[in-house]
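Worksheet: the structure to be examined is printed underneath.
Indexing begins at 1, ligand by ligand and atom by atom, following the structure's order.
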Amino acid sequence: MKNYITHDEWCIVEEGFHPEHNEITESLMSLGNGRMGQRGNFEEGYSGKTLLGNYVAGVYFPDKTRVGWWKNGYPDYFAKVLNACNWAGIEIRIGADLLDLNTCKIDDFKRVLNMKEGVLDRTATVTLSGGRKLRIHSKRFCSMADDEAGAISYSMVPLNFTDHFSITPFLDGNIRNRDSNYDESFWNGIAHEAQACEGYLVLETKSNPYQVEQFRVATGMKFDFKLNGMPAEPAVQYIAQDKYVNGSTQLEVKEGQELTIYKYAVNLSSANYAHDELLPKAKAYIARIADKGFDRMYAEHVQAWAGKWEKNDITIAGDVAAQQGIRFNIFHLNQTYTGEDERLNIGPKGFTGEKYGGSTYWDTEAYCIPFYLSTADDKVARNLLVYRYKHLQKAIENAAKLGFSEGAALYPMVTMNGEECHNEWEITFEEIHRNGAIAYAIYDYTRYTGDESYVTDRGLEVLIGISRFWKQRVNWSEEKGQYVMLGVTGPNEYENNVNNNWYTNYIACWTLRYTLEVIDKLWKQDSRKLNEVIFKTNLQLNTELADWKHIVDNMHYPFDPNRQVFLQQQGFLDKQLLTVTDIADQRPINQRWSWDRILRSCFIKQADVLQGLYFFEHEFDAGAIRRNFDFYEPMTVHESSLSPCVHSILAAGLGLREKAYEMYLRTARLDLDDYNNDTEDGLHITSMAGTWMSVVKGFAGQRVKDGVLSFKPYLPEQWQGYSFRIGFRGSLLKVSVSKGSVSIENVSDSGITVLVNDQKVFVDALASVQL
Ligand code: BGC
């Protein structure tokens with residue numbers, strides 16, 4: 001755990017430079033706008049520990065799979081999120097010195113990510129050779145208003161000297177992924193152009209044998225200068241070569257004068273523009289934003305952020321660390337995914353690092369959808385569902401590669417384009433519970449929005465494909481006289497190749513049940529529509545539905561009759577049952593123990609049985625949830641960031657308030673305090689939605705019951721109060737919880753009935769109730 005980030009309600013502050021943590025800070029201070037993003041690197045470059053990172057949404061490379069021993073069924077490639085052209089670079093020389101915070105003396109330093117405004121702000125005073133002191137101030141953002149653009153303002157004041165400054169803004173496409181299987185570069189240069197204060201590069205991903213689209217990205221820059229607030233127009237010399245362009249200028253800056261460089265940049269991808277349009281459109285875009293200028297771009301960007309905060313801010317009174325933590329999570333979720341484009345998704349690292357490859361995991365459905373459902377227009381969550389709908393054919397092909405047939409669909413564990421990319425057999429082949437989360441998200445969306453059109457128009461086809469997979473994946477056990485599911489990995493990846501993982505069996509049968517329910521309902525409401533789906537999917541009503549029902553009625557669920565708990569898998573009780581307190585000095589076990597030892601141990605990486613009880617809480621009584629919680633929580637090491645939030649929500653529901661708060665803290669400040677020692681790789685974006693859920697679903701007990709929004713709020717004793725915004729079926733509410741009172745303010749113009757502690761409460765448009 002690290003504790004060098006200053007607590008502040010709206011800002012992430014590094015006070016004094018911490019070079020040893022630089023890669024962590026770069027992750028924390030990443031910027032993004034849903035279309036592009038970058039780590040919090042220094043514009044002038046840095047020769048110390050740094051991971052330079054720039055990313056363009058949806059742009060990836062199919063990196064050839066690397067495994068020790070090839071197994072049939074492995075995917076050919078692992079799609080890597082691509083580290084793209086560095087557009088923020090400005091090389092600076094003062095006299096003979098190259099400005100580099102790794103080599104000069106730093107007198108003072110402050111790096112601030114202002115989350116309210118979405119801007120990275122850095123001030124520093126450094127001493128160069130000969131005792132020359134220089135003051136630096138940079139501001140940078142990825143515009144939320146012009147979402148293919150970013151802008152930088154970079155100022156310098158020589159405090160005690162006059163000298164020649166050489167300023168070289170550049171675009172650099174000579175970038176390699178740190179996460180590359182064969183240490184190859186993934187980009188080719190296609191075009192380069194520079195003139196006066198402008199430069200352009202068009203890069204293309206290298207060709208590949210997998211018929212995966214080759215992406216082109218056009219990056220453009222334009223820059224100008226001010227000296228003491230007045231436009232300066234020094235002569236600029238430029239270089240344009242393969243994958244690198246710059247424009248360089250020299251000018252004398254006198255002691256006390258302020259030189260400011262404004263750099264505007266755009267990234268346009270072939271996902272959105274035809275190849276021959278890329279360069280002209282990039283030029284037009286650059287001209288437009290440079291014309292606006294930094295201040296106006298910035299004002300529009302801040303206004304766009306204000307609109308987002310208006311919908312999804314959470315305030316916490318009396319605990320600055322908690323306030324900072326929750327805003328940090330909400331901020332990064334908004335930077336990663338805006339829901340504008342149904343081809344995009346939410347990568348576990350977003351735009352903050354390269355690890356984890358592809359952009360889409362079950363994390364989206366299991367964790368992120370509830371956040372976007374409550375804090376954004378319905379279209380945003382719907383787009384996430386449409387993304388999977390569009391990948392249905394690929395999911396059917398994925399299943400076929402593993403030997404399934406007749407329209408059975410297996411969604412990938414990791415993907416960019418619908419094809420499976422993950423290449424560890426125990427995950428690719430066995431961690432099939434992911435399929436269930438995709439079905440669950442359809443249910444979750446429908447339950448929350450009341451919009452049945454998605455499930456009937458598109459979702460049912462997905463449900464049928466997934467149900468067919470479960471049907472073929474189970475087998476009848478003569479010995480048990482029940483269906484079993486063998487050789488799986490549950491959400492707890494610290495056990496592989498287990499039989500009858502309770503969670504997987506449960507979500508499989510739940511999917512079959514839900515699919516049958518949807519079919520039945522549609523039959524009654526719109527049989528013509530149903531017939532269309534039957535025709536399209538070639539659904540065999542007589543046989544398939546009966547088979548599914550038979551599985552639902554006869555599935556094996558491992559259970560311990562003595563403890564009255566569900567068993568994570570059939571052999572779980574053969575393990576030596578210890579608790580995490582027994583191994584307190586050996587954690588995290590994934591960094592200290594051999595894999596073999598982990599697999600044989602009882603220790604649980606992340607919520608597994610408890611994940612199921614969280615999803616299907618309404619199907620279990622509180623006693624069952626409590627018994628399972630008491631059994632599994634002491635064995636859970638939470639070495640996946642996705643875990644503590646589920647435990648926090650369950651604990652809150654069970655009245656275990658201390659536990660709920662302890663788990664909340666772990667999720668809220670996971671990256672800020674580097675709990676798992678891995679923030680330098682990038683942030684845990686998807687689990688950030690879990691943090692939001694811990695407050696809204698945990699402390700405030702938000703659920704949807706029979707189409708009605710329901711709350712059971714309480715105030716953690718560490719806080720003086722908290723409030724959040726939540727949208728539901730056309731209404732927008734502000735819920736505030738303080739000691740002894742709950743207030744619900746309806747800030748929209750449509751009245752709504754909600755349940756508070758199971759009592760119906762009507763909140764009129766633009767009115768509020770105090771409880
Ligand atoms: C977790 C998975 C998760 C993945 C990406 C892994 O560590 O075990 O459940 O999907 O990270 O977040």
About how many Å separate CG of N496 and CD of E430, when rounded to the nearest 0.5 Å?
->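 Atom-to-atom, E430:CD and N496:CG are 6.5 Å apart.
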Identify which of W362, Y494, Y356 has a heavy atom lying nearest to atom 2 (C) of ligand 1.
-> W362
Residue, atom name and distance, where the atom is the protein heavy atom closest to [atom]:
atom: atom 10 (O) of ligand 1; result: D363 OD1, 2.7 Å
atom: atom 8 (O) of ligand 1; result: Q606 OE1, 2.5 Å
atom: atom 7 (O) of ligand 1; result: K605 NZ, 2.8 Å

No-hydrogen, no-angle side-chain donor-acceptor test under 3.5 Å, K605 and N590 = no
Do any N or O atoms from the side chain of K49 and from the backbone of N22 form a donor-acceptor pair under 3.5 angstrom?
->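 Checked: no pair found.
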Distance-only donor-acceptor pairs under 3.5 Å for side chains of residues 54-65, two or more places apart:
residue: N54; atom: OD1; partner: Q38; partner atom: NE2; Å: 2.8
residue: Y60; atom: OH; partner: N417; partner atom: ND2; Å: 3.2
residue: D63; atom: OD2; partner: K80; partner atom: NZ; Å: 3.1
residue: D63; atom: OD2; partner: N181; partner atom: N; Å: 2.6
residue: T65; atom: OG1; partner: P75; partner atom: O; Å: 2.7
residue: T65; atom: OG1; partner: D76; partner atom: O; Å: 2.8
residue: T65; atom: OG1; partner: Y77; partner atom: N; Å: 3.1
residue: T65; atom: OG1; partner: N423; partner atom: ND2; Å: 3.4

Atoms in ligand 1 with a heavy atom of L642 nearer than 4.0 Å |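 Answer for ligand 1: 3 (C), 9 (O).
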Might you point out which heavy atoms bring N345 and T360 nearest each other, and give the distance in Å?
->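 Scanning both residues, the minimum pair turns out to be CB-OG1, 3.2 Å.
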